[in-house]
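We number each residue from 1, following the sequence as shown.
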Amino acid sequence: MDDEFAEAIAGTLAAHGFVLENLYALLLVGDPDPVGACRATAQTMLRDFASLRTTGVQAMSADEVNRIRQHALDRLNRFWAGVEHRLDVAADDKNK
């Protein structure tokens, strides 16, 4: 994969993440405790994702699987931090 293609994929994933963060924030903002709901949803999703078994057709070593899983968990943590940030901003805007 060349650098330009890798950058295009990274940009597309960043844009999708941005949209999804905002959608989740919109869904959770009406909750009586939106940040608490965000954290609870994040913990459930992270726990469920961490327990998934690999289903790939290609054989991978345990180290490869663990690196991929850790990368994905890191990204999910950043995603939920982004949702929580958007909820904090919404609360600040509401209190102005």
Side-chain angles (χ1 to χ4, degrees):
M1 173 183 325
D2 65 19
D3 289 346
E4 186 176 348
F5 186 65
E7 290 168 0
I9 290 173
T12 299
L13 291 173
H16 289 167
F18 177 80
V19 170
L20 289 172
E21 285 174 12
N22 281 284
L23 288 173
Y24 262 101
L26 284 171
L27 289 170
L28 295 172
V29 76
D31 192 275
D33 179 12
V35 172
C38 176
R39 290 177 181 163
T41 304
Q43 287 176 350
T44 299
M45 184 179 284
L46 290 166
R47 183 191 65 240
D48 290 350
F49 182 83
S51 67
L52 289 176
R53 297 183 63 206
T54 58
T55 58
V57 174
Q58 180 180 355
M60 291 186 276
S61 70
D63 286 343
E64 289 173 309
V65 170
N66 288 333
R67 281 195 309 272
I68 291 167
R69 180 175 284 133
Q70 189 57 54
H71 177 72
L73 288 170
D74 291 345
R75 179 62 190 110
L76 285 171
N77 277 312
R78 288 192 307 273
F79 171 83
W80 287 108
V83 173
E84 188 171 332
H85 173 73
R86 282 161 178 58
L87 290 169
D88 288 338
V89 168
D92 289 345
D93 288 348
K94 185 178 179 180
N95 294 327
K96 286 184 180 180

How many angstroms lie between [atom1] in [X] and [atom2] in [Y], if you round to the nearest 0.5 Å?
| X | Y | atom1 | atom2 | value |
| --- | --- | --- | --- | --- |
| Leu28 | Leu23 | CG | CG | 11.0 Å |
| Glu21 | Arg78 | CD | CZ | 10.0 Å |
| Asp93 | Asp88 | CG | CG | 11.0 Å |
| Glu4 | Ile9 | CD | CD1 | 11.5 Å |
| Arg75 | Phe49 | CZ | CZ | 12.0 Å |

Would Gln43 and Leu46 count as a side chain to side chain contact (heavy atoms under 4.5 Å, CB included) here? Give the steps. CA-CA 5 Å; Gln43 287 176 350; Leu46 290 166; 5.8 Å; no

When you group the ILVMFWY residues by side-chain heavy-atom contacts below 4.5 Å and let the links chain together, are [Y] and [X] in the same group?
| X | Y | answer |
| --- | --- | --- |
| Met45 | Leu27 | no |
| Leu73 | Tyr24 | yes |
| Val83 | Leu26 | no |

Determine the minimum heavy-atom distance between Ala42 and Trp80, stating which atoms define it. CB-CG, 3.3 Å

Minimal heavy-atom distance between Leu87 and Cys38, with the atoms involved, is CD1-CB, 3.7 Å

Is there any salt bridge (Lys or Arg N to Asp or Glu O under 4.0 Å) pair reaching into residues 29-41, and which pairs are they, with sequence neighbours excluded? Arg39-Glu84

Sequence-distant partners of Asp74, side chain to side chain donor-acceptor pair (under 3.5 Å), two or more places apart: Gln70

Other residues, nucleotides, ligands: >12 heavy atoms within 6.0 Å of Phe18 CZ: no

